[in-house]
Structure formats: C-alpha cells, structure tokens
Amino acid sequence: MTTTTPDAELASRGAARIDWIRSRMPLLAAARAAFAESRPFAGQRIGMSLHLEPKTAVLLETLVAGGAEIVATGNHGSTQDDIVAHLRSSGMTVFGRRDDSLDDHHANVAAVLDSHPRILLDNGGDLAAGIVERGVESEVLGGTEETTSGGDRLRGELAGRIPFPVIVINDSLLKAIGENKHAVGQSVVESFMRITNLMVPGRRFVVAGYGWCGRGVAHYLRQLGGKVAVVEVDELKAFEAALDGFRVAPLLDLAEWGEVFITATGRPDVLTQPFFDRVATGAVLANCGHFPWEIDVATLKSSASGVVRLGGAEDSAIERVDFADGRHVILLADGRMMNLAGREPKGNSIESMDLGFLLQALSLERVATAPGGLRLGAQPVPDDIDREIARRMLRSMGADR
C-alpha cells in the first residue's frame, strides 16, 4: 500500500484546479504554442512577485514553454498553498505560504532577487524597489509591472532610479477596460456576497476611488440593485461619477450613511481615525486595492475595545471590531485585497486574466527580445501589443455572433 505525502496531495489538488482554468484560457494556449516554437526566454531567469493562484500558474507554464526558468513568490496574503505545491512539483522555484507574515513576504522577495533574475514580473513594485535598495549594478534586462499601485510607485518614490525598462501592464487601456473595470467590478461584488452572504439590492454602498477599478465596483453594485455613492478627490473623476448618476460626496459626509465601504484608490490611509470616529455601527469595511494600507487596520484595532472573528471557521474573513462607545464595524479580509485574500478566493474572471496575462506574456517577450526599443523606467504597453490582443480577444469572444 502506498501513501501520498501532504505536499503531493496539495500539488494534486492544485493541478486539478489549474486544469479547469487552463481549459478556459485560449489566448494563453495560443501563446504557449507559439513560445514553444520561438523560445524567446531561452536561458533567461524570470523573477516574479505576483498573486499565486491558478490563473497565474497558467501564465507561468506559458513562460516556461518559451524557455524561461521561473523563481517566484506571491503577494502578501493571497498565496494559495496548493498552487505553490503544484508549481514546485513542476520544477519551478517558488517561495511563500498563505499564512506568511509581512516579514516573511519581504524575505521571499529578497530570495527571488538573490537568484539574480534577468527579467522581472512585478506586482506592486516590490522587486524593482529591492533592486534599487540593494544599490548594486543591475543585471536586470527589464521587466513588467501589473498594478496601479506599482505604477504609482515606479513613477513616485522610484522615479529616475530604475536602471532598466519596465512595461506597466496597468497602463494598457485594454487591461483597464477588460480587467480593472469589468473583472475587478465583478469579482469584488462576488467576493462581498460570498464572504458575507449579504444582499446587495437596497443596501447602501460607498466606493472610495473612481479609477477603473472603482468604476467597475460602483457599476456592478448598482446593476445588482445597490444604492451607491462615490468618494473621489480628483475633480474630473468626481465629475464623471456624478454624470454616471452616482451620489458624490466627501468620505466623512457619508460615514453615517453608508452600510458598506469599499476602498479602490491604490493609495494609503483612506479610512482612518476620523472616519472610524463617525462611521455608523454595523458598517462593513473592505478593500480591493493591491496594498493592505487603504484601511488603517492597525489604528482601527489598537483603538478597539475588542476584536472578534466571526463566520465559524479559523480562516474566516470576517471580524467584528468593537468600540468603547458601543458601536462596532465589520472588517473583511483584514483590510487586504478582498477578492484574493478572502475565504476561498476566486480573483478576477478567467477570461479577463487570459487577456491580462497575454499582455504580460507578450510584454515580457518584448523585453527579452527587443529591449533596445524600450526606454529606461516605467512606460506603457507598446500600442501594437495592445491592439493585437484586442483583435485576438474579440475573436475568442465570438463578438461578431
């Protein structure tokens, strides 16, 4: 009689989940076949920091088919252990676990950089920042950055300090429409319903931020019957939200009106002590931005009279935070990205990530094969890549039927 080790059982579970995802990603399937012929990453090590979930695994398989060696870690709080086990069983070097602390995550990022990757696949700018902080001559050929938060970081604190080209996938209008607006909008609303089992129709929601992700969340909530208000500090985006028919007001003016608050700004310190002092009892607080900094969770919990985990399971994503004055709020997923850090997370839709990860794959191919055509630092996805993927996506959708 043979026995199966826990790691093998995890890997088998991950493989089974990936099989379904892979079967619904035709764009990456075509790229995988093309890469197997052209081998654009032959002899190149790609260092990656990205959410380790089934759709990411299909992207990594596609890069491996093109000759890449993968050294990877996940993002803090969203790593799925069965996917890590499968990737390791497939010969990739992968660091990280779902319950890693923030210090563990930083150590994982350092381990990826210690492998001396030639190409970076970054999410949130952690790898690029690590290269800059080390202050050594970079051996990196170039890389990509997935998120709004990472793009802001590259153009803010890291501006002028990146000694290689970085294609910011989030700058793509194709990604903004297909992934940020529609996929994030759908997955955040789905995650709210799955985690809480609460109704959307008739409930009062406040969405902080009216960028592409905030737009999507607000529109999907309204389509399901939610009453939606928007908080936006940019006057032009606030004007757009008003023309789209949403109530637009400052956050503190909505603190006692809203029943659910969802942050989608990509910026730190959106929900802070002045908001906690005024928010109505029973309000639900959630975040869908990349970094867990939009809700000041540390201050929220340190000023609380008690914190109770609800939901009947050790890994429940629901906490009740009690205040001394008798009020309480409900915090989802500890302020992390709720559609990837919540219980049984699904993330964005398969089709949207097929599109988004083809943007990643073709942009990485451009970095590997024609870096001389790219400038140093952050830059948008080349227009020819955007348009080619739009054509492929339309065909895959059967949009002419």
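Because the structure is predicted, anything quoted here is derived from the model rather than measured. Computation of the quantities below employed the complete heavy-atom set of this structure, encompassing side-chain atoms and omitting hydrogens, waters and symmetry-equivalent molecules.
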Answer yes or no: is there a donor N or O on one side and an acceptor on the other, between the side chain of [X] and the main chain of [Y], under 3.5 Å?
| X | Y | value |
| --- | --- | --- |
| Asp122 | Ala128 | yes |
| Arg161 | Leu154 | no |
| Gln44 | Ala368 | no |
| Lys181 | Lys175 | no |
| Gln80 | Glu53 | no |
| Arg118 | Glu139 | yes |
| Gln379 | Gly377 | yes |

May I ask you to say whether Glu388 pairs ionically with Arg392, meaning some side-chain N is under 4.0 Å from a carboxylate O?
yes
Between the side chains of Lys237 and Glu232, is the shortest nitrogen-to-carboxylate-oxygen separation below 4.0 Å, so that they form an ion pair?
no
Does the gap between the ring centers of [X] and [Y] come in under 6.0 Å?
| X | Y | value |
| --- | --- | --- |
| His51 | His76 | no |
| Phe246 | His219 | yes |
| Phe323 | Phe276 | no |

With Phe357 via ring-ring contact (aromatic ring centres under 6.0 Å, His included) - residues at least two apart
none
Is the NZ or CZ atom of Arg336 both under 6.0 Å from the centre of the six-membered ring of Trp293 and within 45° of that ring's axis?
no
Which is it for Ser172 and Asp386 under the side-chain hydrogen bond (donor to acceptor under 3.5 Å, both in side chains) test, yes or no, and what are the steps along the way?
CA-CA 7 Å; Ser172 163; Asp386 252 353; 2.5 Å; yes
Kindly write out the residues that satisfy salt bridge (Lys or Arg N to Asp or Glu O under 4.0 Å) with Asp384, not counting sequence neighbours, or none if the list is empty.
Arg366
Verify the neighbour count for atom NZ of Lys301: are there more than 12 heavy atoms of other residues, nucleotides or ligands below 6.0 Å?
yes
Nearest 0.5 Å please: distance from the CD1 atom of Ile169 over to the OG atom of Ser363.
3.5 Å
Could you pull out all donor-acceptor pairs under 3.5 Å where a side-chain atom in residues 33-40 meets a protein atom, sequence neighbours excluded?
{"unit_1": "Ser38", "atom_1": "OG", "unit_2": "Ala34", "atom_2": "O", "d": "3.2"}
{"unit_1": "Arg39", "atom_1": "NH1", "unit_2": "Ala65", "atom_2": "O", "d": "3.3"}

Verdict with reasoning, Ser305 to Asp322, per side-chain hydrogen bond (donor to acceptor under 3.5 Å, both in side chains):
CA-CA 5 Å; Ser305 60; Asp322 297 325; 5.2 Å; no
Does a donor on one side chain sit under 3.5 Å from an acceptor on the other, for Arg32 and Thr62?
yes
